[in-house]
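A quick write-up on the structure given underneath.
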Protein chains: 2
Amino acid sequence: MAGDRRRTQKEVRIADVARLAGVSTATVSRVLATPDKVTPLTHTLVMEAVRRSGYIPNSAARNLRTRRTMMVLAVVPNLANPVLAQILRGIDDELTRSGYGLVIGNLDNRREREARYVDLALSRQVDGVLLMNGHIPENGQRDMTEAGLPMVALCAAMPVEGIPHVVVEDREAAREAARHLTRLGHERLAYISGPAGHVIETERYAGFIEGLREAGLSERNCLRWEGVFGFSAGLTAAADFLRIDERPTAVFAACDESALGFIKAVRAAGVAVPGDVSVLGFDGIEFSDYSDPTLTTFRQPMHEIGRAGADILLRLIRKEQRPEGWNLRLPVELLERGTTGPAPRGKAHPTASLARTAGSAGEA
Amino acid sequence: MAGDRRRTQKEVRIADVARLAGVSTATVSRVLATPDKVTPLTHTLVMEAVRRSGYIPNSAARNLRTRRTMMVLAVVPNLANPVLAQILRGIDDELTRSGYGLVIGNLDNRREREARYVDLALSRQVDGVLLMNGHIPENGQRDMTEAGLPMVALCAAMPVEGIPHVVVEDREAAREAARHLTRLGHERLAYISGPAGHVIETERYAGFIEGLREAGLSERNCLRWEGVFGFSAGLTAAADFLRIDERPTAVFAACDESALGFIKAVRAAGVAVPGDVSVLGFDGIEFSDYSDPTLTTFRQPMHEIGRAGADILLRLIRKEQRPEGWNLRLPVELLERGTTGPAPRGKAHPTASLARTAGSAGEA
DNA sequence: ACCGATGATGTAATCGATTACATTTTCAGG
DNA sequence: CCTGAAAATGTAATCGATTACATCATCGGT
């Protein structure tokens, strides 16, 4: 009766099971962990005791002893980003297959949030870390490398050596973007960037310019609008676009949302897509196929990025010898859809009526 | 030299810090946990030792002793769903504020995945659970309630008593949907459902029918297409729609993706939205404002659902007395945008040319 | 100058599993 | 039937923190 009231639900410990089964705790543990090291009889005995008592091992105790938590931390800049969400699904798939759990380290685009996840990792609350934020998180005092925890970078390679990464062919894709657009006859282009200085951002821009050069153009033919990954970048870019005298006839956006934001805003102002301006996205999010017109874009293998990244991380955790293929560069696929078309011909200002900043400073 | 090689990175334990600072482990622990219970001198001494040694408490040990993990599990049907992603952001915000971490239990729409998260919860790997899947997860043997863990249901109330929930006014909203559409003169309606039997699904349908009744119609005026939460439901619904003789003039979809899928498919077949058919969504995902035309829909307070749910859970974890407001029904807001308009008048078949299943079985 | 209360610190038990090592059982081979 | 290796099981140390309890120091009040 005494000491009875405070535990509404019984806490069953391994010792209870052992007593119930008439064996030692060691044997119970073995039955659960290595069933083949145990007599069939004891096995059934113990399992029955487990069943009857409703025993579930306490993971804190287990983690302490085994020095493993079977948990992985995924640090993402923004949980709500559809690309990252898909990558997380891929990660989750692979982790689940190996019995690992997923802890989300959502930065919500605020870098100061990293500190918390550094602590999480360094306190060994997880066995490994997947980084999708393009750099090593730090908390002011220390950074994540200090723990000696297995880490893998996704989407963007790390600025330091020794961390395997899974990325896509950003540069090549951007080059193809330039090829695609110039081939359609576009000569005045624009680029809506992601966050300045971001690795993949830099890659994509560089690739785009390279592609322009190949086509006999240069970066002087290409406007650059600074932005973030999101709709807003497209909106502000569009605002500028509409203000411009000699408008670009093709726009390459570093992500689909920017592209879609841009399209919405310019169409609202009467600009036709792709009639007046072609728009090319990047990512291939599900929604890009449901806009009107459907968005021409590059499809990233999002699920596979996550899956492969998690796979590599698990191998690191298991301390497998580093084989080839610790670094992956996955290809992307150009989806030619409805928002790109031939450059408008003839007049320099396809939408001259809207160009308010200059009368008609035309050229050809 | 011996035993030196296997630890590339030193594992600093609390005892090391204690020795370095010339105090006991208890004091070190106190400095870190309850700094006010300690002399300023010892405080600096210990902190200095912590700094010098790079000590970080081992969370497994701490969790074992304190019986807390400072982690919360969120069970979601589908991580990539934009509504759930936004809710997760809200959850994360609130958890972060209290120093809690977030473990994701992604079901990926496969119910058998629940088992794993039941184990996770029952093994006390987390301090509480947020359920967004509309029922109590089980693993065949046992279900989540057995652990006596704090739980809160989000989006959908639980079929059992005793679990606080945060939901939105699904029924009221659906009634308003009916009101909105009938007021525009629509009399032949259709409903694209979510997964059959899903709580919120049931609520929304019931509300919609109620609304129709109020307008003097009945469920005989309303087609019902079974679906899931996603684009595909809209596509299949559209396929059926296009096949129909007497087409509905207004469609209410249980989620924005279904609505958008429907719109894409019918427009591809030459049906005008909202000219020939009005479409009303639910959720108010970010994209719904970037489709063309922009989607008329109900905006859920997604972030707030997550935030409030996490808040309640944290209070449960802290064993606060149950005040009022453990159950929340948040309002939704109708966003009247571009996909709903007056019912097409005159001919019974606004798009008769497309109705291939019947010649012209018109009426009015 | 002494007492008791208050506050700071130390000692050691504790959380609940895993596992190294010791012990017992089993069984093939002589 | 005996022997020794292999297999099964048991005993107890261990993981690394927190915290109850014991001890010691401090200090105001008389």
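As a basis for the values below, the full set of heavy atoms in this structure was taken, side chains included, without hydrogen atoms, waters or symmetry mates.
Taken over five-pair windows at either terminus, the axes of the helix from C/dA1-D/dT30 to C/dG30-D/dC1 are inclined to one another by 40° (rounded to 10 degrees).
Ion pairing between B/Arg89 and B/Asp92 fails under the 4.0 Å rule for side-chain N and carboxylate O. Classification of B/Asp16 and B/Arg19 as a salt-bridged pair holds, one side-chain N sitting under 4.0 Å from a carboxylate O. Salt bridge annotation for B/Arg97-B/Asp93: absent, with no cationic side-chain nitrogen under 4.0 angstrom from a carboxylate oxygen.
Between the side chains of B/Glu11 and B/Asn58, no donor-acceptor pair is found at a separation under 3.5 Å.
Residue A/Thr66 is classed as a sugar-phosphate contact, given heavy-atom separations below 4.0 Å to backbone atoms only. At the heavy-atom level, B/Thr42 lies under 4.0 Å from the strands shown only through sugar-phosphate atoms.
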Residues 153-163 of chain A side chain polar contacts: donor-acceptor under 3.5 Å, at least two apart:
none

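The residue among B/Leu64 and A/Arg62 whose nearest nucleotide of DNA chain C is located toward the 5' end is B/Leu64. Residues B/Ala26 and B/Arg65 both approach DNA chain C. Their nearest nucleotides, taken by heavy-atom distance, put B/Ala26 toward the 5′ side.
For D/dT9, neither phosphate oxygen OP1 nor OP2 lies less than 4.0 angstrom from any side-chain nitrogen or oxygen of A/Thr27.
Between A/Val103 and A/Tyr117, the closest side-chain pair of non-hydrogen atoms is not below 4.5 Å.
Extent of DNA chain C lying under 4.0 Å from chain A heavy atoms, first and last nucleotide in 5' to 3' order, is C/dG16 to C/dT19.
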